Amino acid sequence: MIKIKELKKSFGKQQVLKGVNLEIASGELLAVIGMSGGGKSVLLKHLIGLLKPDSGEILINGRNIVSMNQEDLDEIRSMVGVLFQGGALFDSMTVYENVSFPLKEKTKMNREDIDVRALSALEDVGLSGMGHKYPAEISGGMRKRVGLARALISEPSVVLFDEPTTGLDPITLNSIHRLIKSTQKKHGFTGVIISHELPEIFDIADRVAVIHQGTIVQSGPSDEIRNSTDPLVQQFISGGQAGPIKTIS
Amino acid sequence: MNIAENIIRPIGAWGMDVVRSMGHMFIFLLRTIYYTFAPPFKFSLLLKQIRFIGSKSMVVILLTGAFAGMVLALQLFYTLRKFGSEALLSPAIALSLIRELGPVLAALMITGRAGSAIAAEIGIKRITEQIDALVSMALNPFRYLIVPNFVASLIVFPLLAAIFDVVGIFGGYIVAVKLLGLSSGTYFSQIDVFVTMTDIRIGLYKSVSFGMIVSWVCCYKGFYSGYGAEGVSKVTTQAVVLSSVLILIWDYFLGSILL
């Protein structure tokens with residue numbers, strides 16, 4: 001469903017993506033793992049057209065979004081939900097307004113139907129009765145759950161998660177992971193998760209891709225990556241100091 | 001050779017940067033104008049911004065307006081008395097305020113009060129990925145963040161400048177009539193004689209154009225904010241400084257054309 005071909009991107013003299021090739025099948029949950037600064041978030045931003053690559057192609061349902069006009073790109077964006085790193089909730093709106101916002105702005109649904117959908121979405125993420133609160137009044141974990149509810153409310157066929165559990169305690173981290181997995185099973189969307197959470201991510205992802213210095217080093221089923229013999233992948237998973245990845249001495 | 005290169009290259013690079021930034025800013029303005037006239041319109045956001053820029057700047061406008069009129073009355077009275085022309089005090093105050101000081105000072109005050117807040121708010125939305133969130137929902141951030149501020153400024157700036165003028169004239173009245181003993185009738189009748197619709201129109205044109213400049217600069221700076229708190233604070237300062245400088249430069253050129 002999503003195919004990335006030879007994607008390259010530089011910022012000034014720094015080449016962040018050096019020819020990324022990746023395929024994500026329909027309905028699968030793919031985790032992209034790798035060192036900080038390895039190009040994970042930059043890759044994710046390309047998938048929604050927030051960044052334009054220097055070269056390469058991104059095919060979503062067979063359509064190359066890189067060369068698309070604004071109208072077609074918006075059509076693709078309408079079928080994609082994004083959970084941003086910090087939630088990216090609109091701070092001037094309440095939790096309820098944040099969740100119902102995509103429906104209010106993008107559909108012609110009436111107020112009652114929006115109410116039903118938004119309240120149900122909040123219930124799905126365990127935030128019933130929190131709709132009146134503002135983002136500043138809730139915890140980081142709750143903000144991520146509101147972001148998830150907002151990302152899913154339009155029932156997108158693709159959902160992108162940018163480090164959905166960074167900065168959370170282990171219990172909240174696991175509950176967010178379980179929530180992502182259960183909603184993915186329920187809605188059947190194709191998911192891409194950028195994550196640092198090892199080994200937890202292996203339990204929820206169908207496949208894992210390891211990105212290092214702007215290229216995909218290895219990708220495959222979670223167990224295959226977990227038991228990879230590639231020294232770089234093994235060093236990253238184990239967090240070892242010795243290996244091909246240079247560490248701070 | 002090396003010295004020349006070392007001097008010329010940075011100057012050239014700086015020049016290129018300035019031209020690039022100006023082009024970028026101009027394209028931003030054109031996009032803003034385009035989306036101002038392209039539906040769907042976000043009236044509730046417009047009303048919210050009118051309230052934010054307008055009513056919340058009211059206190060500072062009332063205070064500065066009153067004291068600007070009072071200072072003008074005090075200074076002009078002693079100057080005009082040397083020529084025995086105290087009767088011309090009120091037209092001098094009114095014309096100075098309506099044609100020049102009202103639009104300029106009101107614009108500078110709103111820039112400090114609301115312009116900085118607009119730049120900071122949009123900057124924070126940028127660094128917390130709220131703008132990316134809008135884009136990812138296939139919603140145009142210009143419609144939600146830029147156009148409401150732009151249109152609200154075009155409406156609010158002339159209104160606040162008018163309030164500044166009226167309060168300033170009354171401030172001048174208090175000093176001229178109550179403190180310096182000028183006749184109340186003379187004060188108002190002379191304004192009626194000397195101030196024409198052309199003067200009011202000039203003030204109106206100026207404040208509308210200042211509204212455009214301030215909202216354009218502050219929205220642009222916030223929209224392309226750098227990273228972190230430092231990035232937002234930097235663009236907020238830049239927005240206020242650039243807006244204020246452009247107000248004064250544009251005031252001179254517009255004043256020369258409309259004189």
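Because the structure is a prediction, the values reported are computed rather than measured. Within every chain, numbering begins at 1; the chains are lettered A, B, ... in the order of the sequence lines, protein sequences first and strands thereafter.
Residues of residues 213-242 of chain B having a heavy atom under 4.5 Å from any heavy atom of chain A: none.
For a residue to count as touching a neighbouring chain, one of its non-hydrogen atoms must lie under 4.5 Å from one of that chain's; by this rule Leu89(A) touches chain B with the backbone only. Residue contact with chain A, scored on non-hydrogen atoms closer than 4.5 Å, is absent for Ile131(B). Within the 4.5 angstrom heavy-atom criterion, only side-chain atoms of Val82(A), from C-beta onward, approach chain B.
Under the 4.0 Å criterion applied to side-chain N and carboxylate O atoms, Lys206(B) and Glu100(B) are assigned as salt-bridge partners. Ion pairing between Lys5(A) and Glu23(A) fails under the 4.0 Å rule for side-chain N and carboxylate O.
Note: His187(A) and Phe189(A) have parallel aromatic rings, judged against thresholds of 30 and 60 degrees for the angle between ring planes.
Ranked by heavy-atom pairs under 4.5 Å with chain B, the first of Leu50(A), Ile48(A), Asp162(A) is Leu50(A). When each of Lys45(A), Glu75(A), Gln85(A), Arg77(A) is checked for heavy-atom pairs under 4.5 Å with chain B, Arg77(A) comes out on top.
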Under 3.5 Å, side-chain donor or acceptor atoms of residues 135-156 of chain B against the rest of the protein: list the pairs with distances, not counting sequence neighbours.
| residue | atom | partner | partner atom | Å |
| --- | --- | --- | --- | --- |
| Ser136(B) | OG | Asp132(B) | O | 3.4 |
| Ser136(B) | OG | Ala133(B) | O | 2.8 |
| Asn140(B) | OD1 | Phe142(B) | N | 2.7 |
| Asn140(B) | ND2 | Tyr35(B) | OH | 2.9 |
| Arg143(B) | NH1 | Ala38(B) | O | 2.7 |
| Arg143(B) | NH1 | Pro39(B) | O | 3.4 |
| Tyr144(B) | OH | Glu105(A) | OE1 | 2.5 |
| Asn149(B) | OD1 | Gln49(B) | NE2 | 2.5 |
| Asn149(B) | ND2 | Leu145(B) | O | 2.8 |
| Ser153(B) | OG | Asn149(B) | O | 2.8 |

Identify every side-chain donor-acceptor pair in residues 65-73 of chain A under 3.5 Å, counting partners at least two apart or on other chains, and give the distances.
| residue | atom | partner | partner atom | Å |
| --- | --- | --- | --- | --- |
| Asn69(A) | OD1 | Glu71(A) | N | 3.3 |
| Asn69(A) | OD1 | Asp72(A) | N | 2.8 |
| Gln70(A) | NE2 | Asp74(A) | OD1 | 3.3 |

Could you list the donor-acceptor pairs under 3.5 angstrom formed by side chains in residues 54-68 of chain B, with sequence neighbours left out?
| residue | atom | partner | partner atom | Å |
| --- | --- | --- | --- | --- |
| Ser55(B) | OG | Arg51(B) | O | 2.8 |
| Ser57(B) | OG | Ile53(B) | O | 2.5 |
| Thr64(B) | OG1 | Val60(B) | O | 2.6 |
| Thr64(B) | OG1 | Ile61(B) | O | 3.4 |

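When only modelled atom types and interatomic distance are considered, Glu197(A) and Ser195(A) share no side-chain donor-acceptor pair under 3.5 Å.
Without hydrogens or angle criteria, Lys144(A) side chain to Leu168(A) main chain gives no donor-acceptor distance under 3.5 Å.
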